[in-house]
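Step one of this worksheet: look at the structure below.
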Amino acid sequence: MQLKSLKDGLFFHVKSIKSGIQPTIFSSNQLIHLYAKNGFLHEADKLFDEMPYRNVFTWNTIIAAHVKNHNLTRVEVLFNSSPRKDLVTYNSMLSGYVNIDGYEVNALRLFVEMQYSRPVIGIDEFTITTMLNLVAKLAVPSLGMQLHSYMVKSGSVSSGFSVSSLIDMYSKCGFFQETCQLFGEGHGELDLASKNAMVAACCREGEVELGLNVFWLEPELNDTVSWNTMISGFERNGFFKDSLKLFVYMVEKRVRINEHTFSSVLSACSGMRSVKLGKEVHARVLKEGFNTNPYITSGIVDVYCKCGYMEYAELANAVFGSENTFSVTSLILGYSYTGNMAKARWLFDSLAEKNSVVWTALFSGYMKSRQCEEVFMLLKELVVKETYVLDALILISVLGACAIRSSLDPGKEIHSYILRTGIEMDKKLMSSIIDMYSKCGNITYAERIFKEVMKRDKVLYNVMIAGYAHHGHEDEAINAFNEMLGRDVRPDAATFVALMSACRHVGSVELGEKFLHSMTIDHDLTPETDHYACMVDLYGRANQLEKAVLLMRNIPIEPDPVIWGAFLNACKINGNMGLAREAEDNLLRIEGDTGARYIQLANVYAAEGNWNEMRRVMEKMKRKNVKKLAGCSWVYTENGVSVFTSGDTSHARSESIYSTLACLTTEIDHIALE
DNA sequence: TCACCCAAGA
């Protein structure tokens with residue numbers, strides 16, 4: 001008897017219990033399969049345990065059920081106690097090892113055992129496709145190619161399963177040419193899974209248009225997977241609107257939507273930072289009952305976090321219940337973005353297990369709010385608590401903190417850690433190291449590392465040009481820029497900030513003007529705040545206040561405090577108090593609650609000996625009740641960091657520090673007199 | 001009874 005549906009099965013099961021007639025092994029096997037398929041694993045297990053006789057099919061069915069449920073401990077127990085194992089038993093076990101993270105080595109061992117143990121189990125097409133999956137997951141093309149050769153030799157390369165698995169494997173190993181070739185060879189009749197794998201491969205390669213063309217080949221074939229692949233392909237390449245448009249079209253065409261669809265659509269909403277669309281999708285998810293899928297619930301939380309709606313995000317997370325690390329990570333990032341690091345830290349501490357992504361999230365949060373000490377402390381905590389090799393993105397955060405703090409020694413330690421552990425030096429990491437060395441005052445090291453990189457990208461050039469600028473090496477900055485153009489690396493707005501800042505350091509007004517002009521005319525870039533502020537500063541330092549005034553009048557964007565601050569400084573250098581007053585009005589209008597601005601203004605008047613004006617500004621500041629954080633210096637010693645503010649006597653050894661300082665000052669005075 | 005293609009947080 002054939003039991004087709006769960007209803008059939010239940011009916012049959014009840015009948016057999018009532019009648020007391022033991023079902024045949026064949027029927028019981030079918031029942032186990034039906035129960036497991038419909039999520040009733042407990043019932044499947046119970047039936048399996050109660051069976052007086054079992055055959056190899058019985059064992060294979062229950063093993064497969066637990067493989068699908070990712071219960072590997074149970075799978076291994078069953079596999080080892082199974083009295084007779086055939087190729088199917090081995091293939092199921094192999095599939096368990098391949099599809100559950102952390103058992104990849106077991107899969108390789110089992111694969112070898114299947115071929116060489118006595119008696120030989122052998123391998124078949126199922127084994128090969130499962131192994132191709134493993135190759136794709138681990139990205140080890142050499143093994144993939146061996147499997148491919150074996151398939152060619154054994155003549156099993158023509159089935160849809162084989163081709164789609166091969167396409168997927170080559171694509172995930174980064175061999176796009178081979179992927180295209182395989183797809184092209186099988187063009188006589190289009191196999192849906194192979195076509196879907198090809199669409200995915202194109203999107204993975206960033207060839208979205210090509211992917212779309214494949215998607216529209218014989219569109220009547222397309223199933224939910226095809227649509228999902230294309231929707232996610234758009235999303236992952238940043239074409240969020242196209243992703244959502246295709247989703248709408250999918251709904252109109254009445255193609256069945258599943259949990260994968262919603263997951264990608266939610267990512268697109270996050271990418272667009274559209275809370276409106278996010279809410280719409282959220283409503284649809286609730287309506288269609290997908291609100292227990294962890295991919296989807298974390299996706300919803302993420303949309304609200306990315307859009308800055310932290311209250312909604314918290315609420316959604318609470319409603320969805322059951323701890324979801326992805327949701328919590330999104331929340332940590334959301335709070336980091338809004339500068340609420342206390343809340344971010346609280347959430348971080350609430351996680352029982354912390355993976356490298358969540359550590360990275362906290363690191364980047366502290367970096368974003370420039371809490372460098374917290375970055376260093378977190379690093380200490382991480383090294384104590386976790387044993388794994390530090391993630392490149394974490395190191396980038398720490399290097400950033402070193403750069404801000406001008407802490408060369410910790411920076412060097414990180415650099416040697418990278419060399420020691422053999423972490424792959426990608427361009428981002430390389431740029432961070434170069435930036436760290438240059439900001440910590442060691443331009444020679446920065447340059448040496450830069451010159452070792454053959455394939456230099458935009459960020460790498462920008463960092464190096466900024467480094468040269470920072471150290472007053474105008475010619476080197478311009479040479480690097482010319483080399484960049486010669487290598488067809490397109491400059492961006494940051495390149496010109498670096499170049500103009502090089503001009504600022506050496507006072508080359510003409511060159512600065514040339515760059516400002518050239519970025520618009522030759523490179524189709526729009527000057528932003530930093531460019532104008534840089535130019536105003538350049539004019540100021542070159543005693544060309546009239547040009548600064550002219551530029552201020554013609555800046556096409558609303559000048560922000562950075563530009564006004566630069567202009568104020570220009571007024572100070574050129575001793576023009578009338579214009580300084582104008583800058584003051586504008587500055588305090590925008591930044592009336594920033595203590596540092598009042599002090600800057602007071603200093604402008606003080607430099608001119610205009611004590612009345614200075615007093616007026618200080619009184620204004622007092623009335624507004626704003627404070628300025630004291631500027632400080634710091635020194636790294638073996639015992640940690642010591643911070644000093646002006647007139648500070650809080651340090652335990654402050655007496656000896658001050659007497660050393662007095663000696664040094666006397667010596668400097670002597671040198672100056674000589 | 002086992003195998004292919006689509007989903008999340010830096």
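Here is the naming used below: chain letters follow the sequence lines, and residue numbers restart at 1 for every chain.
The backbone N or O of A/I257 sits nowhere less than 3.5 Å from a side-chain atom of A/T261 that would complete a donor-acceptor pair. Listed for the A/N258 side chain is a donor-acceptor partner under 3.5 Å among the backbone atoms of A/H260.
In this entry the distance linking CZ of A/F215 with C1' of B/dC5 reads 13 Å, nearest Å. Taking atom CG of A/L94 as the reference point, atom P of B/dC2 lies 14 Å away to the nearest angstrom. Distance, A/L362 CG to B/dG9 C1': 14 Å, rounded to whole Å. Computed from coordinates, the A/D302 CG to B/dA8 P distance equals 11 Å when rounded to whole Å. The separation between A/K195 atom NZ and B/dC6 atom C1' is 13 Å, rounded to whole Å. B/dC4 atom C1' lies 12 Å from atom CG of A/D223, rounded to whole Å. Atom pair A/F183:CZ and B/dC5:P shows a separation of 16 Å (rounding to whole Å applied). Straight-line distance from the CD1 atom of A/I231 to the P atom of B/dC5: 19 Å, rounded to whole Å.
The nucleotide whose nearest atom lies closest to any side-chain atom of A/Y295 is, among B/dC5, B/dA7, B/dC2, B/dA7. Counting only heavy atoms from C-beta on, A/S95 has its side chain closest to B/dA3 among B/dT1, B/dA3, B/dC5. Nearest nucleotide to the A/V88 side chain, out of B/dT1, B/dG9, B/dC5: B/dT1. Listed nucleotides B/dC4, B/dA10, B/dC6 differ in distance to A/N228; the shortest reach to its side chain belongs to B/dC6. Here B/dC6 is the nucleotide among B/dT1, B/dA3, B/dC6 with the atom lying nearest to any side-chain atom of A/A200. When distances run from any side-chain atom of A/S232 to the nucleotides B/dA7, B/dG9, B/dC2, the shortest one goes to B/dA7. The A/N324 side chain lies nearest to B/dA8 when the options are B/dC2, B/dC6, B/dA8.
Among the heavy atoms of the strands lying under 4.0 Å from A/T329 is at least one base atom, whether or not backbone atoms are also near. A/K68 comes within 4.0 angstrom of the backbone, heavy atoms only, and of no base. Using a 4.0 Å heavy-atom cutoff across all strands shown, A/K172 reaches sugar-phosphate atoms only and no base atom. Among the protein residues, A/D391 comes within range of the nucleic acid bases, having at least one heavy atom under 4.0 Å from a base atom. Residue A/T325 is in base contact, counting any heavy-atom pair closer than 4.0 Å across all strands shown. Residue contacts for A/N293: at a heavy-atom cut-off of 4.0 Å it reaches a base atom on one of the strands shown. Contacts of A/D86 with the nucleic acid, taken as non-hydrogen atoms under 4.0 Å apart, are absent. At a threshold of 4.0 angstrom between heavy atoms, the contacts of A/L393 include nucleobase atoms, whether or not backbone atoms are also involved. The residue A/S298 sits close to a base: some heavy atom pair falls under 4.0 Å. Nucleic acid contact for A/R236: sugar-phosphate only, since backbone atoms but no base atoms lie under 4.0 Å from a heavy atom of the residue. If you check every strand for non-hydrogen atoms under 4.0 Å, A/A361 touches nothing. Among the atoms of the strands shown, none is found under 4.0 Å from any heavy atom of A/K428.
A/S165 contributes no side-chain N or O that forms a donor-acceptor pair with the base of B/dC4 under 3.5 Å. With hydrogens and angles left out, the side chain of A/T130 and the base of B/dA3 share no donor-acceptor pair within 3.5 Å. Side chain A/S330 to base B/dG9: no donor-acceptor pair is found below 3.5 Å.
Residues forming a side-chain contact (heavy atoms from CB on, under 4.5 Å) with A/A200 (at least two apart in sequence, or on another chain): A/R204, A/T229. Remark: A/N133 pairs with A/V98, A/N99 by the side-chain contact (heavy atoms from CB on, under 4.5 Å) rule, at least two apart or across chains.
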Derivation and outcome, salt bridge (Lys or Arg N to Asp or Glu O under 4.0 Å), residues A/K46 and A/E50:
CA-CA 6 Å; A/K46 192 160 175 279; A/E50 285 168 356; 3.4 Å; yes

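Taking the six-membered ring for Trp and the full ring otherwise, A/Y309 and A/Y304 have centroids separated by 6.0 Å or more.
Contacts with DNA chain B (heavy atom under 4.0 Å) in residues 249-265 of chain A: A/E259, A/H260, A/S263, A/S264, listed by number.
Ring orientation note: the planes of A/Y97 and A/Y103 are close to parallel, at an angle under 30° on the 30°/60° scale. Ring geometry for A/Y35 against A/H13 counts as tilted: the plane angle lies between 30° and 60°, on a 0 to 90° scale.
A side-chain donor-acceptor contact under 3.5 Å links A/N29 and A/N55.
B/dC4 has no base stacking with the ring of A/F161 when judged by centroids under 5.5 angstrom apart and an interplanar angle below 30°.
Taking the centre and axis of the six-membered ring of A/F79, the NZ or CZ atom of A/K85 falls inside the cone set by 45° and 6.0 Å.
Residue A/N55 has no polar side-chain atom (N or O) positioned under 4.0 Å from OP1 or OP2 of B/dT1.
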